[in-house]
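Chain A is the first sequence line, chain B the second, and so forth, proteins listed ahead of strands; every chain is numbered from 1.
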Protein chains: 2
Amino acid sequence: MTAHILHPLVRKLQTVFDLSEKEKEAVLTLPFLVRELKAGQDIVREQDRPSQCCVILDGFAFRYKIFDEGRRQILSFHIPGDIPDLQSLHLEVMDHSLATLVPTRVAFIPHHALQALLHAEPKIAGAFWREALIDASIFREWVGNIGRRPALARLAHVLCEIFTRIRALGLSDDHSFPLPVTQEELADAMGLSTVHVNRMMMELRAGGLIRTPRRAIIIENWEGLKEVGQFDPAYLHIRRSVL
Amino acid sequence: MTAHILHPLVRKLQTVFDLSEKEKEAVLTLPFLVRELKAGQDIVREQDRPSQCCVILDGFAFRYKIFDEGRRQILSFHIPGDIPDLQSLHLEVMDHSLATLVPTRVAFIPHHALQALLHAEPKIAGAFWREALIDASIFREWVGNIGRRPALARLAHVLCEIFTRIRALGLSDDHSFPLPVTQEELADAMGLSTVHVNRMMMELRAGGLIRTPRRAIIIENWEGLKEVGQFDPAYLHIRRSVL
DNA sequence: GGTTGATGATGATCTATGTTAGTGTTCTTG
DNA sequence: CAAGAACACTAACATAGATCATCATCAACC
């Protein structure tokens with residue numbers, strides 16, 4: 001049961017909500033279709049009208065929007081267990097796109113199956129709603145991160161957030177984690193230029209806060225990084241027990 | 001019935017969802033407590049654990065967060081009919097604050113009454129969920145607005161958004177609307193300095209796009225303003241019929 | 001009805017970040 | 001294994017927007 005394909009979803013829900021065995025079971029018996037996607041592939045696009053939601057099983061994804069003249073804004077990063085397009089259950093038309101960052105395995109679950117689940121298990125409906133609200137909370141934090149923090153703090157904050165979310169899933173016990181993100185992608189997520197992200201990255205390294213081996217991050221000084229990024233995880237609304 | 005105190009809430013829900021008479025009735029019979037608040041007063045604060053939600057009946061409110069050294073980021077503006085702290089139904093602790101912009105009348109509805117309503121009227125639960133998702137969509141747009149648009153476009157976009165939301169409620173038939181917001185507040189909403197907001201405001205006026213009589217905005221050239229702000233209302237997910 | 005405080009409007013100056021134009025290194029792929 | 005693409009990194013220069021300081025206007029209030 002632990003090895004069930006949808007297990008990442010259950011694990012994720014448990015980081016924000018306490019599920020009973022029966023409820024876990026109900027989630028795990030959802031019908032789904034697995035697809036393996038290459039890196040940099042769109043999963044859904046702005047203006048699409050999806051009839052299913054996708055669960056990230058393995059890999060990384062991100063949401064984005066293209067502004068004038070091809071300026072891209074990355075809106076969020078997604079890790080295994082996330083359902084980044086859950087909103088399509090209630091909002092017909094996508095207002096942004098969703099793509100993979102690396103080769104990623106996703107499970108597609110038909111809307112009607114999810115609707116049925118939410119109907120049958122009101123507590124799970126609550127958990128999903130909660131998920132969506134946390135999503136919104138993260139966007140709020142990003143608004144402030146981009147609007148009111150200088151570049152160095154902005155970068156530190158993003159790294160703290162990703163690490164905290166990954167650790168809450170139990171995907172990192174020490175202080176290192178995969179970060180399959182290019183500096184260009186980081187720049188698009190933070191409203192900066194790639195050149196400046198590079199400079200800030202170097203500054204964090206020079207300060208002994210992080211190391212950046214190939215496609216990963218090792219946090220050398222967690223307290224220091226939190227300090228620089230003014231990071232307080234309250235906005236992630238993660239259950240105390242898994243934080 | 002039309003003059004019921006909670007009517008603004010019904011009117012608002014109808015901009016995003018089609019309500020039956022029975023459902024309207026269920027909303028209007030919610031128990032509530034009205035309070036008149038002065039300008040600049042907090043309604044709920046970060047870290048609070050509310051046991052009720054508030055509906056803006058009359059006036060304007062905004063959500064905000066204080067970052068390092070008192071730098072404030074305004075996260076959203078709220079108009080009559082909005083329930084800005086609906087999230088407290090599912091997220092115990094507030095991750096931001098909510099305050100009035102001008103003297104404002106709000107109705108407080110106990111969580112348990114809302115829970116009961118959502119249980120009794122699943123379609124209304126859907127409408128509320130939809131509301132919350134639209135909220136998130138607006139935050140996403142703001143992330144991009146702040147991250148990827150220059151100051152002039154950013155300002156134009158914010159004005160377009162507020163106007164569109166106000167007009168969807170039927171609170172403005174021509175092209176003028178109340179905007180009881182100081183340039184400082186606009187600055188905090190857009191991640192700019194007040195001085196620069198002032199300059200951009202003057203530029204919009206000089207371009208014949210808007211006029212700004214006391215505490216209000218008159219849009220002189222709607223198409224032009226949309227153009228400058230790259231405004232596409234799709235992200236507001238407003239029903240076609242009221243747009 | 002004058003005083004006070006908030007807000008809007010300016011100008012001079014400074015700086016964080018953007019832009020452009022590269023170089024070198026590593027990964028992919030034929 | 002060679003060739004090409006991504007990607008990280010660097011430097012010189014450009015600029016949007018921040019800061020600081022001042023003054024004008026207007027509303028609120030004793």
Side-chain angles (χ1 to χ4, degrees), chain A residues 38-41 60 67-74 99-103 145-156 158-159 178-206 210-217 228, chain B residues 38-41 60 67-74 99-103 145-156 158-159 178-206 210-217 228:
Chain A
K38 299 203 202 96
Q41 240 184 304
F60 286 85
F67 288 79
D68 45 310
E69 328 271 307
R71 296 176 70 85
R72 177 177 67 168
Q73 176 69 46
I74 291 183
T100 58
L101 218 39
V102 289
N145 196 36
I146 296 175
R148 285 296 180 224
R149 274 199 274 256
L152 188 68
R154 217 183 286 183
L155 175 57
V158 167
L159 296 179
L179 190 74
V181 168
T182 66
Q183 295 186 348
E184 185 181 358
E185 284 150 351
L186 275 178
D188 284 347
M190 300 191 297
L192 293 170
S193 68
T194 65
V195 174
H196 207 59
V197 167
N198 184 280
R199 293 195 271 245
M200 296 301 104
M201 212 78 188
M202 285 169 50
E203 199 169 327
L204 288 181
R205 279 186 307 227
I210 61 171
R211 278 190 299 136
T212 59
R214 46 176 64 261
R215 312 260 99 176
I217 300 272
V228 171
Chain B
K38 297 202 201 96
Q41 240 183 304
F60 285 86
F67 288 78
D68 45 309
E69 328 270 306
R71 295 176 72 88
R72 177 176 68 170
Q73 175 69 46
I74 290 182
T100 59
L101 218 38
V102 288
N145 196 35
I146 297 175
R148 285 295 180 225
R149 274 200 274 255
L152 188 69
R154 218 183 285 185
L155 174 57
V158 167
L159 296 179
L179 190 74
V181 168
T182 66
Q183 295 185 348
E184 185 181 358
E185 284 150 352
L186 275 178
D188 284 349
M190 300 191 299
L192 293 170
S193 68
T194 66
V195 174
H196 207 60
V197 167
N198 184 279
R199 292 197 266 250
M200 295 302 104
M201 212 79 187
M202 285 168 49
E203 200 170 327
L204 288 182
R205 280 184 309 226
I210 61 171
R211 277 190 300 135
T212 58
R214 46 175 64 260
R215 315 255 98 176
I217 300 271
V228 170

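Among the protein residues, A/T182 comes within range of the sugar-phosphate backbone only, with heavy atoms under 4.0 Å from sugar or phosphate atoms but none that close to a base. Heavy atoms of B/G40 sit nowhere under 4.0 angstrom from any nucleic acid atom.
Atom pair A/M201:CE and D/dC9:P shows a separation of 8 Å (rounding to whole Å applied). Separating the CE atom of B/M190 from the P atom of D/dA16 is a distance of 17 Å, rounded to the nearest angstrom. In this entry the distance linking CD of B/E184 with C1' of C/dA6 reads 10 Å, nearest Å. Between the CD atom of B/E203 and the C1' atom of C/dG8 there is a distance of 17 Å, given to the nearest Å. Rounded to whole Å, atom C1' of D/dA18 lies 16 Å from atom CD1 of B/I146. One can place NE2 of A/H196 at 15 Å from C1' of D/dC13, the figure rounded to the nearest angstrom. B/L186 has its CG atom 16 Å from the C1' atom of D/dG17, to the nearest Å. One can place CE of B/M200 at 8 Å from C1' of D/dG17, the figure rounded to the nearest angstrom.
Contact annotation: A/N198 side-chain N/O to D/dC9 OP1/OP2 distance is under 4.0 Å.
In the set C/dA9, D/dT10, C/dG18, C/dG18 carries the atom at the smallest distance from any side-chain atom of A/L192. Distances from the side chain of B/R199 to the nucleotides C/dT10, D/dC26, D/dA18 place D/dA18 closest. Nearest nucleotide to the side chain of A/R205, out of D/dC9, C/dT7, C/dT19: D/dC9. Nearest nucleotide to the A/R215 side chain, out of D/dT10, D/dC7, D/dA18: D/dC7. With C/dA9, D/dC26, D/dT19 as the candidates, the nucleotide lying closest to the side chain of B/M202 is C/dA9. Across D/dT19, C/dT19, C/dT7, the shortest atom-to-atom separation from the side chain of B/R71 is found for D/dT19. Side-chain proximity of A/R154 to D/dG17, D/dC26, C/dT17: nearest is C/dT17. Closest approach to the A/V195 side chain among C/dA21, D/dT19, C/dT7 is made by C/dA21 (side chain taken as heavy atoms from C-beta onward).
Atom CZ of B/R205 is surrounded by more than 12 heavy atoms from other residues, nucleotides or ligands within 6.0 Å.
The existence of a salt bridge linking A/R148 and B/D68 is excluded, since no basic side-chain nitrogen approaches an acidic carboxylate oxygen closer than 4.0 Å.
Heavy-atom distances to DNA chain D give each of A/R148 and A/Q183 a nearest nucleotide, and the one nearer the 5′ end belongs to A/Q183.
In this structure, B/V195 and B/V197 have side chains that are not in contact, with every pair of non-hydrogen atoms separated by 4.5 Å or more. Looking at B/L179 and B/L159, their side chains come closer than 4.5 Å, going by heavy atoms from C-beta outward.
Remark: A/F67 CZ to A/Q73 CD distance equals 6.5 Å, nearest 0.5 Å.
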